[in-house]
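One structure is given below, encoded as structure tokens.
Remember, predicted model here, so these are calculated numbers, not experimental data.
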Amino acid sequence: MALGNPGNRKVAVVGVALSDCGRVADTTPYALHAQAARRALADAGLDRSLVDGFASAGLGTLAPVEVADYLGLRPTWVDSTSVGGSTWEVMAAHAADAIAAGHANAVLLVYGSTARADIRAGRRTGTFAFGGRGPLQFEVPYGHTLVAKYAMAARRHMLRFGTTIEQLAQVAVQARANAALNPEAMFRDPVTVDDVLSGPMIADPFTKLHCCIRSDGGAAVLLAAEEYVRDCRTAPVWILGTGEHVSHASMSEWEDFTVSPAAVGGRLAFARAGVRPDEMDFAEIYDAFTYMTLVTLEDLGFCAKGEGGAFVEKGRLRVAGGELPVNTDGGGLSAQHPGMRGLFLLVEAVRQLRGEAGERQVRRGDGGLPRLGVASGTGGWFCSSGTVVLGRE
């Protein structure tokens, strides 16, 4: 298959790993970073001395300087881009470009958070706010929490296109069905549409199960130039194309609540990879809320605008029997969500393409392993998007 990288070298993901995830009370975010990083290097079979690039965000005063120092790394290429949940897809794009151009040979992306443990220990509160400075000062007085912003966007989609709350609930139901196949998922018991609808209201129209879980955990992904692939213990998964986009800072500047920045970033990623959405064997999509999954499916081109509700209600997102398995590990709605979850999407995509997903393994119609997959992260309140198309040879 053709590679969409603009540089001279092909770039592969050669190592992926998760740290301990879920309920991890007796550790620190730094330790989770280190655990995930060690496991990703072991997965690749490469020595850390080969890592000359490092990317991290979300921890430390001088991220990623503090984390690199904790890990004993002295990188000559570094990235600390922080755009919320899409951070890691955007960082993967930057790392792939740097490797292709010869500015780095092996780049480690790593994240870790004790979000759940911190709340339970009283080290932080559960209120998710971004402060009141800059453009946000005009929204904070009206109670614009993050969940409220997504809830309003979902309501707009419902009013404009006739999307139903039952259709949105199907996203949560099918994510849980996929999580049931994942021994690492935090919540695996099945749920029904009625279970979703009858839960406590968080922000109309979202009840509790429309919203992501809160967990602890970390992840790491190692990218390397093609000449390192022969030294790795795992089969390479190639970066075929990437795209990124930022659209607005505040709700008042958002031109259309029913369109996410994935409409631009996704189009760029598919075009650069030289493939179409309908060629994807699966999709890993950021799902802090059910509406994120639905509208991102539309904007990536898996269905037309306004048809997301009809698309998800037929069980298409399930690993077992679904036409387009989505969030095959259970996603942020059921598997784990320690904060900026975008790196977990890349880990799961690579595991699927390698055939390492166990009971939740996606299969093509002929029974073979998937050849193409896409990971699409979302940041803020649909403010940013990063999309990565991956494939195996």
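Met152 is connected to Leu146 through a chain of hydrophobic side-chain contacts under 4.5 Å among Ile, Leu, Val, Met, Phe, Trp and Tyr, so both are in one cluster. Val319 and Leu369 sit in two unconnected hydrophobic clusters of ILVMFWY residues. Membership requires side-chain heavy atoms under 4.5 Å apart, directly or through other members.
For residues 312-329, the pairs satisfying salt bridge (charged side-chain N to carboxylate O under 4.0 Å, His left out) are Arg316-Glu323, Asp329-Arg341, with sequence neighbours left out. Residue pairs meeting the salt bridge (charged side-chain N to carboxylate O under 4.0 Å, His left out) criterion with at least one partner in residues 226-253, sequence neighbours excluded, are Arg9-Glu227, Asp43-Arg233. The salt bridge (charged side-chain N to carboxylate O under 4.0 Å, His left out) analysis of residues 146-157, with sequence neighbours excluded, yields the pairs Glu139-Lys149, Arg155-Asp204.
Annotation: Trp254 is in aromatic contact with His248 [ring centroid separation under 6.0 Å].
Residues forming a ring-ring contact (aromatic ring centres under 6.0 Å, His included) with Tyr228 (at least two apart in sequence, or on another chain): none. Every residue two or more places apart in sequence or in another chain that forms a salt bridge (Lys or Arg N to Asp or Glu O under 4.0 Å) with Lys305 is listed here: Glu298, Asp299. Considering only residues two or more places apart in sequence or on other chains, Tyr150 meets the ring-ring contact (aromatic ring centres under 6.0 Å, His included) condition with Phe289, Phe382. Listed by chain and residue number, Arg354 satisfy the salt bridge (Lys or Arg N to Asp or Glu O under 4.0 Å) test with Glu356 (two or more places apart in sequence, or in another chain). Scored by the salt bridge (Lys or Arg N to Asp or Glu O under 4.0 Å) test, Glu279 finds Arg276 as partners (sequence neighbours excluded). Taking His157 as the reference, Phe161, Tyr291 meet the ring-ring contact (aromatic ring centres under 6.0 Å, His included) condition, with sequence neighbours excluded.
Rounded to the nearest 0.5 angstrom, Leu46 CG and Leu222 CG are separated by 6.0 Å. To the nearest 0.5 Å, atoms OG1 (Thr163) and CD (Glu307) are separated by 10.5 Å. Here OG of Ser80 is found 6.0 Å from CE of Met91. Values are rounded to the nearest 0.5 Å. The distance from atom CH2 of Trp77 to atom NE2 of His94, rounded to the nearest 0.5 Å, is 7.5 Å. Note that CG of Leu294 is 7.0 Å distant from SG of Cys303, once rounded to the nearest 0.5 Å. To the nearest 0.5 Å, atom OG1 of residue Thr61 and atom CD of residue Glu66 are 4.5 Å apart.
With hydrogens and angles ignored, the 3.5 Å screen pairs a side-chain donor or acceptor of Thr87 with a backbone N or O of Gly84. Remark: the backbone N or O of Asn182 is paired with a side-chain donor or acceptor of Arg188 at under 3.5 angstrom. Checked by atom type and distance alone, the side chain of Thr207 pairs as donor or acceptor with a backbone atom of Val196 at under 3.5 Å. Put simply, the side chain of Ser384 gets close to the backbone of Val83: a donor and an acceptor are under 3.5 Å apart. In this structure a side-chain-to-backbone donor-acceptor pair under 3.5 Å is missing from Asp79 to Ala55. Counting only distance, with no hydrogens or angles, the side chain of Arg272 and the backbone of Gly241 share no donor-acceptor pair below 3.5 Å. Looking only at distances, a side-chain donor or acceptor of Ser19 sits under 3.5 Å from a matching main-chain atom of Gly218. Judged purely by atom type and a 3.5 angstrom limit, Ser250 has no side-chain atom pairing as donor or acceptor with the backbone of Pro135. Between the Asp52 side chain and the Thr76 main chain, no donor and acceptor come within less than 3.5 Å of each other.
Looking at heavy atoms from C-beta onward, Leu168 lies in side-chain contact with His210 at the 4.5 angstrom threshold. Proximity of Phe282 to Leu317: side-chain heavy atoms (C-beta onward) are nowhere separated by under 4.5 Å. Put simply, the side chain of Leu390 reaches to within 4.5 Å of the side chain of Leu353, judged on heavy atoms. In this structure the side chain of Thr164 never reaches within 4.5 angstrom of the side chain of Met158, judged on heavy atoms. Contact check for Asn327 versus Leu333: no side-chain heavy atoms found under the 4.5 Å cut-off. Taking 4.5 Å as the limit, every side-chain heavy atom of Asp189 sits out of range of all side-chain heavy atoms of Val191.
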Problem set entry | From CA spacing to verdict: side chain to side chain contact (heavy atoms under 4.5 Å, CB included), Thr242, Thr387 | CA-CA 6 Å; Thr242 65; Thr387 302; over 6 Å; no
TODO: Please test Phe257 against Leu159 for side chain to side chain contact (heavy atoms under 4.5 Å, CB included), starting from the C-alpha separation and ending with a verdict.
DONE: CA-CA 11 Å; Phe257 287 7; Leu159 291 172; over 6 Å; no
*salt bridge (charged side-chain N to carboxylate O under 4.0 Å, His left out) assessment of Arg39 paired with Asp20*: CA-CA 11 Å; Arg39 290 176 178 178; Asp20 294 345; 3.0 Å; yes
message = Go through it in stages, so that I can follow the logic: the residues are Arg214 and Cys212, the test is side chain to side chain contact (heavy atoms under 4.5 Å, CB included), and I'd like the CA-CA distance, side-chain angles, deciding distance and then a yes or no.
response = CA-CA 7 Å; Arg214 189 182 294 272; Cys212 66; over 6 Å; no
Review point. Are Ser86 and Trp88 close enough, and set up right, to give a side chain to side chain contact (heavy atoms under 4.5 Å, CB included), and what steps lead you there?
Key: CA-CA 6 Å; Ser86 62; Trp88 308 102; over 6 Å; no
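Residue Val78 shares its hydrophobic cluster (ILVMFWY side chains chained together at separations under 4.5 Å) with no other residue. Think of Phe187 as one node in a network of Ile, Leu, Val, Met, Phe, Trp and Tyr side chains linked at under 4.5 Å; its network also takes in Met186, Ile213.
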Side-chain donor-acceptor distances from residues 21-28 under 3.5 Å, at least two apart:
| residue | atom | partner | partner atom | Å |
| --- | --- | --- | --- | --- |
| Thr28 | OG1 | Tyr30 | N | 3.4 |
| Thr28 | OG1 | Ala31 | N | 3.1 |

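A salt bridge links Arg160 with Asp256: the distance from a Lys NZ or Arg NE/NH1/NH2 to an Asp or Glu carboxylate oxygen falls below 4.0 Å. One finds a salt bridge joining Arg364 and Asp281 here, because a Lys/Arg side-chain nitrogen approaches an Asp/Glu carboxylate oxygen to under 4.0 Å.
Checking Arg351, Gln352, Arg360 one by one against Thr328, the side chain to side chain donor-acceptor pair (under 3.5 Å) holds for a single residue, Gln352.
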